[in-house]
Each structure stands twice: as structure tokens, then as C-alpha cells.
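Encoded as C-alpha cells, the structure appears first; notes follow it.
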There are 2 protein chains.
Amino acid sequence: MAQAIRFRQAPSPLKASCQECSLSNLCLPLAIQDNDLDSLEDIVQQGRMYNRGEHIFDQSTPSRSCFAVKSGSVKTSIITEGGEEQVTGFFMPGELVGLDSMSGESYACTAKALERTSVCEFPIDKLEELTGKLPDLQHHMYRLMSQEIQNSHQLAMLLSKNTAEERIAALLLSLSSRFQRRRMSPTNFSLPMARNDIANFLGLAVETVSRVFTRFQNQGIIRARGREVELLDVEALQLVTREFSRQNCQQ
Amino acid sequence: MAQAIRFRQAPSPLKASCQECSLSNLCLPLAIQDNDLDSLEDIVQQGRMYNRGEHIFDQSTPSRSCFAVKSGSVKTSIITEGGEEQVTGFFMPGELVGLDSMSGESYACTAKALERTSVCEFPIDKLEELTGKLPDLQHHMYRLMSQEIQNSHQLAMLLSKNTAEERIAALLLSLSSRFQRRRMSPTNFSLPMARNDIANFLGLAVETVSRVFTRFQNQGIIRARGREVELLDVEALQLVTREFSRQNCQQ
DNA sequence: GTGAACGTTTGACTTGCATCAATTTGGACG
DNA sequence: CGTCCAAATTGATGCAAGTCAAACGTTCAC
């Protein structure tokens, strides 16, 4: 299907076709008028495919681009001097990776493909130049970065105030709504990341993640077999994430 | 001193003079050419003074501006549905508050003056318009927002991986370097925030914060009397923050 | 197919920090 | 100057989640 389109349009291999992309309503094109799409297509580069585990960019190397996930999924993480890893985010198709590295010098994190993944690449300097000309695009960039800050604050909140169960419920619900945005099942999906990554992201031990999954399963809230997950009772999950906010409401 | 300048220049009361501001090398003006300073001054409004505890803006109200701290200090926090508060940041003179609310709709957090505080106000729509015209300013905005994301990731990291001592040492060092940037003593300053705010920010109980302060004091690393703090052994503090990254280095 | 390497799960034990409770300090104000 | 209330400290106790250890599943190379 994607191939059929490629043959019909026959674009240069390095140039992406935002017009034809099924993610255009989630990605940068959503911000701009159809007749400005050309200028976005002028700067975007069709990135290559990455296999599971391959790095898209590395922390501390010169930052040149940010990336939109086209298919597959990506995790970002920062590494401390001591070699500790902290997962800072998971990115799914339509989402933009590398907004924390727009300061121009070097990448603030490492981005790694969690599965076979393709991306579109936006060179930062050209993107900046273009946003100077297209106010709507600029507005959208501010919006995305703003949102990234908010997400990160939410994460900080989750990490500092919530129990293991609350954190995991929140992650499952976040993934669910992101699958839904892409018109996929919000209750039946396969986790792109390993338990280890979940644990790291949520500031937990792997063992704890595993235990919570089985606890949820025993309560009939989810069904999990490896990375395949089914949310059986979304309301119960939502209840878990909010529970902590009420004062000691027993039972 | 500030008054003398105000009388000499006699600007309109609502217009700030970035030219004369002692923070211009920390704040937005640092990004732009002298001859473009006028256009920045055209949009900036001299905000009023806020007393301790006053709100500069409130979460969920329509967001119109972001603010540069001129004097005093500000804390930002988000409130959950359940009424829980999570402190998301502390802002000192020269720093920009509200970058997480550039999405345009409404403020993502509440900003509160920690002491008697004055700010400069930048209306978001005018700022966006201006950044479209001044590439250097736009670049700087991206840079600031990018950095805000990085800070927030660092915080998440601190919250998920570090002990109480490590978190507090990191905060003290962060404050120290921010005082130094303003050419104030990096070892002898007074905390703008209460223990409670520190605890909330770092995801700890107040009691734990208090205990760590006394422990540090007994070890001769700091001297603290109320909000007055003296860092007696900066290297020891740096050691504390890094300690966790080495594998079980006993002692 | 077989083994090696890795990811996941489960159990037993330990611990850092929260929680509860009580006291002390300090600032605001009549 | 004493009163009042909020902030800070200190001590005693309990628990959620980390750590250690071992078994089990899955993937992949050869």
C-alpha cells in the first residue's frame, strides 16, 4: 500500500511525502495550510529504517535534527556520569522526538528504536528557519515543546507522589489513549517496551512492575501475556490513578 | 538605585527598560542585538510587585503571558483533581516562568511569589510575533524551552533514582550555581522557599528534609539556621550527588 | 534440535522513608 | 512584652518497595 503510493508518486528517495502520510493529522503537517505543506516537505528527510535496539541519535553528540516517528516506537533516555540510565520517554507514530535537544549544541538524550522503526528527520536549523516564516508552524512548535514540559512535570509528579500501582495504571492509560488517537484498539495492544524499560521509566524495580501486573491480572483489571495486554476494566484503572488523591478513603 | 534610574529615564510606567536592567545578560535581551532591544521593550510590560504568597497566575486560567523574574523568587506548582500540590520549579531573577503554558489555552501551573517579587511580563501572542521576526530571539526561546524540558527530566531522574540526601545535595548545588550566576555568594545564601516546598519539590516528607539538613550539619558539610544556609564543603556535596552512580562503593 | 542468553515471574528478607506524635522555634501583631 | 499560629525539629514505629536469589519462558544462533 505504501509501496503503491511510492511508485505512483515517484518522489526522490530522500524526500518524504507529508501529503500522503497517514499520520499527517498527528504530526507537524496538522499545523499548517495545505499550500505551505510543500515548504515542510522541502526540509524533511525520509529517515532510514532502524532495527530494534539501534540508536537514532546519541546523547552528547552534536544535535542536528529532531525526528517524527513514522512507524514502530522509540525510547529516549539519559545516562549519568556513573552510567545509570533513566528512561525519559516513549514515542509512538506521529510523535516528535528530540525537542529537548533544540538548544543546538548536542543531544540531551539517547534515542533508541524499541522495534523496527522508521522516522522522518527535520534538520533543526532548517526547521527554525521555516518556523520563522510560518507563524502557524512556529505556534505549533511552541505548543509541542510546552506540552513536553507539561508531560515531564506529570512524570515528576507520578514519581514523587504515587505508588507503584498508580504509576503503572497511569502508564497503561497513557498508552491506551495514544493507541486510540491512532485509531487502534485502546484496550487491546502490545507493549512496545520491555518490563525493564517500564520499571526504569517509572522509577521502580523490574520485580515490582511484574508483581503489579500479576496483581492487576488477579483483580481482573487487565490480562497480560508477555507484551500483549488487554485492558479489561478501564474504569478500575482510572480509579487506581485517582485513588491516591482522596484522603484516606479506605477500601 | 533602581528608583534613581527610573526618575532619570522617566519611561512610561508600564514599559520596562531592558537597556538599564541589570539582568539583561541573563534574561531574554541576551539573545538579541542592541538595536533590536527596542522591539523587545515595546512588548514587555513592567509587572507590578507581588507580596509573599500572592499568585502571579493560576492554573487553568487563560494563559496570556510568560514572566521574567526581576527580583524576589517564584515557585510553580500543579494541583491535581484531588487537591494535591506538586511543586514543579523555583525561579530566580533572570529566569523565565510560564514556558510550560505556551500552548496558548490556559496556564498549566500556578505561579506564586515566595517573597516580595517583581516581574516583567511578556504577552505570549506578541512574543510569538516578535520571535517570527527575530531569528536570534526565536532560537533563544527554543533553547530556553529545550532546557526546561531537560531540567524537568533531571528532576524526574532525581526523584526516581536518588536518596533523600542526594536530592537535597543536588538542590543546594543548583541553588548555589544560580546565585553564582547572579554574582552573589555561591556558599552563603538564604533559601527563598520553606522546608515544606523543598520537600514537596523533591518528593520527600518535611521531616525527612529536616533530618537531612541536620545530618549534613553534623557532618560539617553545611551550616543552616532557618533559611540561612552556608555551604561549608561544596566538594562533599558534589560527592553526595554522584555517590549513587558508582556501584556499591562502600563507605 | 540444543544450548546460551536474556527477559519475566515468584518468593523471602531488608530498609529508607513516610507517618504519627510531641516539642521547640520563630515571626506577626495587638 | 507576651500571645498566637505556622514552621521546623526530633523521636518512635510501620510499611511499600528495593534487593537478593532462584526458577521459568522465550528468542535466536548455530
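Because only heavy atoms are used, hydrogens play no part in the values below, and waters and symmetry mates are left out as well, while side chains stay in. We name chains A, B, ... by the order of the sequence lines, and we start the count at 1 in each one. What you are looking at is a predicted structure, and each value in this text was computed from that prediction instead of being measured.
- Between F67(A) and F57(A), the distance separating the two ring centers is shorter than 6.0 angstrom.
- F90(B) has its side chain out of reach of E95(B): every pair of non-hydrogen atoms, C-beta onward, lies at least 4.5 Å apart.
- Residues from residues 196-211 of chain B lying near DNA chain C, meaning a heavy-atom separation below 4.0 Å, are G203(B), L204(B), A205(B), E207(B), T208(B), R211(B) in numerical order.
- Between V74(B) and Y50(B), every side-chain heavy-atom pair lies at or beyond the 4.5 Å cut-off.
- Remark: C1' of dG7(C) and CG of L114(A) are 15 Å apart, rounded to the nearest angstrom.
- Straight-line distance from the CZ atom of R225(A) to the P atom of dT8(C): 15 Å, rounded to whole Å.
- Proximity of a side-chain donor or acceptor of T110(B) to a complementary backbone N or O of Q59(B) within less than 3.5 Å is detected.
- Judged by a 6.0 Å distance limit and a 45° cone about the ring axis, R211(B) is not positioned over the six-membered ring of F213(B).
- Rounded to a whole Å, the CZ atom of R215(B) is 12 Å from the C1' atom of dT10(D).
- Atom CG in N162(A) sits about 14 Å away from atom P in dA18(C), given to the nearest Å.
- Applying the salt bridge (charged side-chain N to carboxylate O under 4.0 Å, His left out) test between E121(B) and each of R64(B), R48(B), K70(B) identifies R64(B) as the sole match.
- Using modelled atom types, one side-chain atom of R167(A) and one backbone atom of N162(A) make a donor-acceptor pair closer than 3.5 Å.
- Regarding F213(A), its CZ atom lies at a distance of 19 Å from the P atom of dG25(D), rounded to whole Å.
- Under the 3.5 Å distance criterion, with hydrogens and angles disregarded, no donor-acceptor pair is assigned to the side chains of S106(B) and S60(B).
- Positionally, the nearest nucleotide of DNA chain C for M193(A) lies more toward the 5' end than for the other of M193(A) and R52(B).
- Here the side chains of V229(B) and L175(B) are not in contact, with every heavy-atom distance at 4.5 Å or above.
- As a whole-Å value, the separation of E228(A) CD from dG25(D) P is 18 Å.
- The distance from atom CG of L159(A) to atom C1' of dA17(D) is 14 Å, rounded to the nearest whole Å.
- For the segment residues 216-224 of chain B, the set of residues with a heavy atom within less than 4.0 Å of an atom of DNA chain C is empty.
- Between E165(A) atom CD and dG18(D) atom P the separation is 13 Å, expressed in whole Å.
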